[in-house]
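Worksheet: one structure, shown below.
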Amino acid sequence: MQLMPNLENNRPLAIGLLAIAALAVYLVGFHWFVVRHMELGEEIGLLEEQVARFKAAVERRPQLETQLERLQTERLDSALFLPESNFNTAAAGMNRHLRDIINTEAETAELCSIVSTTNRPDQEPERFEQVTVNVRMTCPLPDLVKVLYELENSVPLVFVDNLMINQRVPADRAGSRGAADYGQIDVRFDMYGFLTEQASR
């Protein structure tokens, strides 16, 4: 009866047991480390890509800032001009803009009204065509000040010129309720703005 295994069969058995033991040691002691190392490698790769993008963005920052300033300047310059494409629509837009200001700024809008408007074409247009509207309106003095101030401080730019104020109340306003109390006046002025160079061509 043979109690010990054959010596020739011991070597494969020993190698198998050694492999199993090595695998067990790896799984218990080193597998988590290898997996974590691979995860860290992927994170490092992603971070390096992000850093590269950030560096590229930083390098382009002066160029982008210059471009942004140019666009903002062009946008501001364009906004200062009347947005319409021709004289008639621009004059209508200015009249509409004046009525909107009266409705929003005048405390007594019912006593502040436009009597008449007359469009005056630019007789000698140069680089930028001027759009002028002669306005006659009646308005209490405090409201008139607010309207003219807002008209000249809004965008697009509209200028007020040839302002003439007459303290006489027109005949159709003489009997209106509260006209004298509000200091009703008759006023005439020119309001004008400019079409862009592209629009005037």
- Smallest heavy-atom separation, Val133 atom then Ala91 atom, equals CG2-CB, 3.9 Å
- Is a donor on one side and an acceptor on the other found under 3.5 Å between the side chain of Gln184 and the backbone of Leu111? yes
- Where Cys112 and Met137 come nearest, the two heavy atoms and their spacing: SG-CE, 3.5 Å
Could you tabulate the donor-acceptor pairs under 3.5 Å formed by side-chain atoms of residues 154-163, not counting sequence neighbours?
unit_1: Ser154; atom_1: OG; unit_2: His97; atom_2: NE2; d: 3.0
unit_1: Ser154; atom_1: OG; unit_2: Glu150; atom_2: O; d: 3.2
unit_1: Ser154; atom_1: OG; unit_2: Leu151; atom_2: O; d: 3.2
unit_1: Asn162; atom_1: ND2; unit_2: Asp190; atom_2: OD2; d: 2.7

- Item | Gap between atom OG of Ser113 and atom CZ of Arg136 - 0.5 Å precision | 10.0 Å
- Here the gap from Ile185 atom CD1 to Leu144 atom CG, rounded to the nearest 0.5 Å, amounts to 4.5 Å
- In Å and rounded to the nearest 0.5 Å, what is the CG to OG1 distance from Leu82 to Thr89? 9.0 Å
- Note on the structure: To the nearest 0.5 Å, atom CG of Asp143 lies from atom OG1 of Thr108 at 4.0 Å
- Does Glu152 CD have over 12 foreign heavy atoms under 6.0 Å away? yes
- Item | For Glu42, all residues meeting side-chain contact (heavy atoms from CB on, under 4.5 Å), sequence neighbours excluded | none
- What pair of heavy atoms forms the shortest contact from Thr132 to Tyr192, and how long is it? OG1-CB, 3.5 Å
- Task: Apply the side chain to side chain contact (heavy atoms under 4.5 Å, CB included) test between Leu98 and each candidate in Asn103, Thr117, Val147, Leu148; give the one that qualifies.
- Result: Val147
